[in-house]
Amino acid sequence: QESSNRYLSYNAQATYVYNNRYILSGNISRMGSDNYADGERFGTFPGGSMGWVLSEESWLKKSFVNLLKLRASYGRAGQAVTGVSRYPYQGTFTEGSGYNFGTSQSYTEGVYESTAGNKNIKWEISDMANFGVDFDLWNKKIYGSVDFFKEWRSNILVSRSTVPSLFGVNAPQDSYGKAETKGFEITLGHSNRIGDFEYYIDGMLTFNTNKITEMDELTPDYAYQARTGNRIDQSQLLIWKQWASNPDLIPESYEDAVANPQKYPWNAAGKYKLGNAVFQDTNGDRKIDSYDKVPTGYTNIPELIPTIRLGFSWKGFDARAVLTAYLNRTVPCRENMDYGFGWGGTSTHEITNTWGYYTDDPTDPRNINAKYPRLSTSFSDLDRNYPYNESTIWVVNGDFLSLRNVEVGYSLPARLISKVNMTKCRLYFSGYNLCNWSHLPKGFDPENPTNYIWAYPKTRSFTFGVNIGF
């Protein structure tokens with residue numbers, strides 16, 4: 001049984017404010033974790049910020065500007081929980097690889113070093129800079145904030161690619177990786193009161209993108225397959241071009257595909273059947289294989305997240321709603337579409353969009369415009385089995401808009417409820433996860449598409465309630 005993680009930290013913080021206008025703040029933390037080797041257990045993490053409240057200046061204080069604040073900060077943080085096992089600086093020994101001894105050749109279990117230790121594993125570091133402004137104009141007629149940030153992460157655990165195979169034991173991960181993240185966050189709102197009618201609307205827009213700057217990557221045979229410089233977890237995919245629909249264009253061999261460039265490129269997994277996918281021959285060698293994969297699309301994590309909140313109240317009635325969107329997002333759907341018939345067919349309702357569902361005629365528009373490759377009772381190596389299932393056939397635009405929450409209510413007049421010693425009595429009705437608009441197939445939870453088969457999907461819920469105060 002593994003022992004619990006142990007930490008030790010020393011922290012200090014100081015803040016100075018002059019005349020409510022100028023703000024300076026600094027902090028420093030010295031933290032230690034027992035999970036690292038001597039010399040790497042402790043890290044020092046400083047931070048500092050400054051602010052200038054312009055709305056407190058005499059030349060701006062009596063204007064329509066209720067708040068105007070400029071701020072900047074820089075800080076370093078450490079992450080000790082990085083997924084590494086306990087005491088990774090020590091080698092791991094495992095039972096196995098025994099020997100036969102004696103005249104009876106009886107087998108005796110042995111112990112071997114399954115993974116070498118690494119004393120270079122250390123705290124993962126995050127350095128972040130932020131510049132922002134907060135504002136409030138005309139008493140909340142216009143209010144909001146704007147932030148720009150950039151983060152540099154280092155000492156990320158990666159599997160080293162430059163460790164030679166003659167090392168003789170599984171090489172441990174190393175604190176070598178680096179990545180950068182940058183983006184902005186904008187909040188803008190408006191609220192007002194006109195007689196008995198009071199309303200508000202505000203929105204938030206968050207943009208966040210990243211790239212790998214170091215991962216000890218070997219130089220790939222083709223520069224377009226390098227992961228360094230691309231998004232974290234970005235997929236490399238085969239690009240679908242068409243369905244194999246003309247028997248005269250199906251090559252009999254690789255040599256046939258080279259000798260007859262008008263034919264489909266040869267697929268290294270075997271000969272096409274009608275309805276198989278024909279992929280882009282990216283490197284132009286007339287053969288479809290893993291070298292034709294290219295970084296494609298975004299990732300499952302959205303780069304752009306807009307949110308809108310709006311509401312009003314009038315003579316005891318009130319209502320509010322929240323809408324959220326995920327944009328610049330790509331999601332995989334193969335498991336959802338291909339689960340069934342021994343993982344070889346398309347058993348969901350999307351089966352009707354599979355080549356050959358209605359007819360084997362390759363000229364049928366339903367086959368020409370099919371979304372998925374030909375049906376089979378087992379995985380087709382050419383387009384449904386690894387590595388050829390990693391293609392643009394099975395990924396979709398993951399952007400969606402969600403009506404997240406709507407609530408309406410009515411508060412009984414104070415003159416009525418005061419007769420029974422109540423201070424408030426509000427009846428309300430709310431709905432959660434009411435509606436989604438997305439590019440995903442019908443029935444998918446756009447926020448977590450794999451819920452379609454792997455987990456219970458997010459539910460739509462309705463609530464009726466009463467808030468009472470005495």
Side-chain angles (χ1 to χ4, degrees), residues 83 150-154 156-162 173-174 176-184 206-242 264-269 276-305 326-338 371-373 381-400 438-440 446 448-450:
K150 187 166 184 178
E151 180 188 32
W152 300 265
R153 298 191 75 88
S154 57
I156 300 172
L157 278 178
V158 297
S159 298
R160 300 293 295 265
S161 301
T162 53
Q173 289 186 303
D174 193 19
Y176 189 81
K178 296 180 181 179
E180 291 182 4
T181 301
K182 62 181 179 180
F184 61 81
T206 302
F207 174 77
N208 185 318
T209 188
N210 60 60
K211 68 176 181 180
I212 300 168
T213 55
E214 179 58 74
M215 56 178 291
D216 194 33
E217 181 180 30
L218 295 175
T219 303
D221 292 329
Y222 298 95
Y224 56 79
Q225 291 194 320
R227 295 187 180 275
T228 305
N230 287 323
R231 297 180 182 90
I232 299 171
D233 293 332
Q234 183 178 27
S235 298
Q236 294 199 357
L237 304 175
L238 294 167
I239 308 299
W240 176 84
K241 301 298 291 183
Q242 59 181 310
Y264 305 133
W266 174 254
N267 192 307
N276 278 138
V278 179
F279 298 115
Q280 173 181 287
D281 182 18
T282 305
N283 62 358
D285 65 352
R286 298 293 294 157
K287 180 192 295 184
I288 302 301
D289 53 24
S290 294
Y291 291 118
D292 296 304
K293 293 181 178 181
V294 297
T296 305
Y298 299 96
T299 68
N300 191 41
I301 300 174
E303 281 191 344
L304 199 61
I305 304 178
Y326 283 9
L327 305 176
N328 290 4
R329 179 172 177 250
T330 302
V331 297
C333 292
R334 185 185 65 82
E335 287 84 357
N336 302 40
M337 294 294 90
D338 215 28
K371 292 171 61 178
Y372 310 107
D381 290 338
L382 277 72
D383 44 35
R384 291 182 184 267
N385 210 357
Y386 181 82
Y388 299 94
N389 55 14
E390 294 181 338
S391 73
T392 55
I393 295 173
W394 306 107
V395 298
V396 297
N397 183 340
D399 295 355
F400 75 92
S438 75
H439 300 273
L440 277 75
N448 189 358
T450 56

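The figures that follow rest on heavy atoms only: side chains count, while hydrogens, waters and symmetry mates do not.
Minimum heavy-atom separation, Ile232 to Ala179: CD1-CB, 3.9 Å. Between Ser391 and Leu237, the shortest heavy-atom contact is N-CD2, 3.8 Å. Across all their heavy atoms, Gln236 and Lys293 have their closest contact at O-CD, 3.6 Å.
If you take SG on Cys333 and OH on Tyr372, they are separated by 7.0 Å, rounding to the nearest 0.5 Å. Atom CG of Leu218 is separated from atom CZ of Arg227 by 13.0 Å, given to the nearest 0.5 angstrom. Here the CG atom belonging to Asn210 is positioned 11.0 Å from the NZ atom belonging to Lys182, to the nearest 0.5 angstrom. Rounding to the nearest 0.5 Å places CG of Asn267 at 6.5 Å from CD1 of Ile288. Atoms CG and CD1, on Asn230 and Ile212 in that order, are 7.5 Å from each other to the nearest 0.5 Å.
Using a 4.5 Å heavy-atom threshold, the side chains of Gln225 and Tyr291 count as touching. Contact annotation: the side chain of Tyr326 never approaches that of Asp399 to less than 4.5 Å [non-hydrogen atoms, C-beta and beyond]. A heavy-atom distance below 4.5 Å is found between the side chains of Asp216 and Arg160. Using a 4.5 Å heavy-atom cutoff, the side chains of Ser235 and Thr330 are not in contact. Tyr388 places a side-chain heavy atom less than 4.5 Å from the side chain of Asp289.
Under a 3.5 Å cut-off, the side chain of Asp292 and the backbone N or O of Leu238 do not form any donor-acceptor pair. Looking at Glu217, its side chain does come within 3.5 Å of a backbone N or O of Thr228 through a donor-acceptor pair.
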When you look at Asp383 and Phe279, which way does the side chain to side chain contact (heavy atoms under 4.5 Å, CB included) test go after all the steps? CA-CA 9 Å; Asp383 44 35; Phe279 298 115; 4.2 Å; yes

I'd like to know whether Val396 forms a side chain to side chain contact (heavy atoms under 4.5 Å, CB included) with His439, so could you lay out the CA-CA distance, the side-chain angles of the two residues, the decisive distance to 0.1 Å, and finally the verdict. CA-CA 7 Å; Val396 297; His439 300 273; 5.5 Å; no

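Annotation: ring-ring contact (aromatic ring centres under 6.0 Å, His included) contacts of Tyr264 (sequence neighbours excluded): Tyr272. By the salt bridge (Lys or Arg N to Asp or Glu O under 4.0 Å) test, Glu214 is found to be paired with no residue, residues two or more places apart in sequence or in another chain being considered.
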Enumerate donor-acceptor pairs with a distance under 3.5 Å from any side-chain N or O in residues 294-304 to protein atoms, sequence neighbours excluded.
| unit_1 | atom_1 | unit_2 | atom_2 | d |
| --- | --- | --- | --- | --- |
| Thr296 | OG1 | Val294 | O | 2.8 |
| Thr299 | OG1 | Ile301 | N | 3.3 |
| Thr299 | OG1 | Ile301 | O | 3.3 |
| Asn300 | OD1 | Arg329 | NH2 | 3.3 |
| Glu303 | OE1 | Asn328 | ND2 | 3.4 |
| Glu303 | OE2 | Thr209 | OG1 | 2.8 |
| Glu303 | OE2 | Arg231 | NE | 2.9 |

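A donor and an acceptor atom, one from each side chain of Asn283 and Tyr222, are located under 3.5 Å apart.
Open room surrounds NZ on Lys178; 12 or fewer heavy atoms of other groups in view lie less than 6.0 Å from it. Within a 6.0 Å radius of CZ in Phe184, more than 12 heavy atoms belonging to other residues, nucleotides or ligands are found.
Taking a cutoff of 4.0 Å between a charged side-chain nitrogen and a carboxylate oxygen, Glu151 and Arg153 qualify as a salt bridge.
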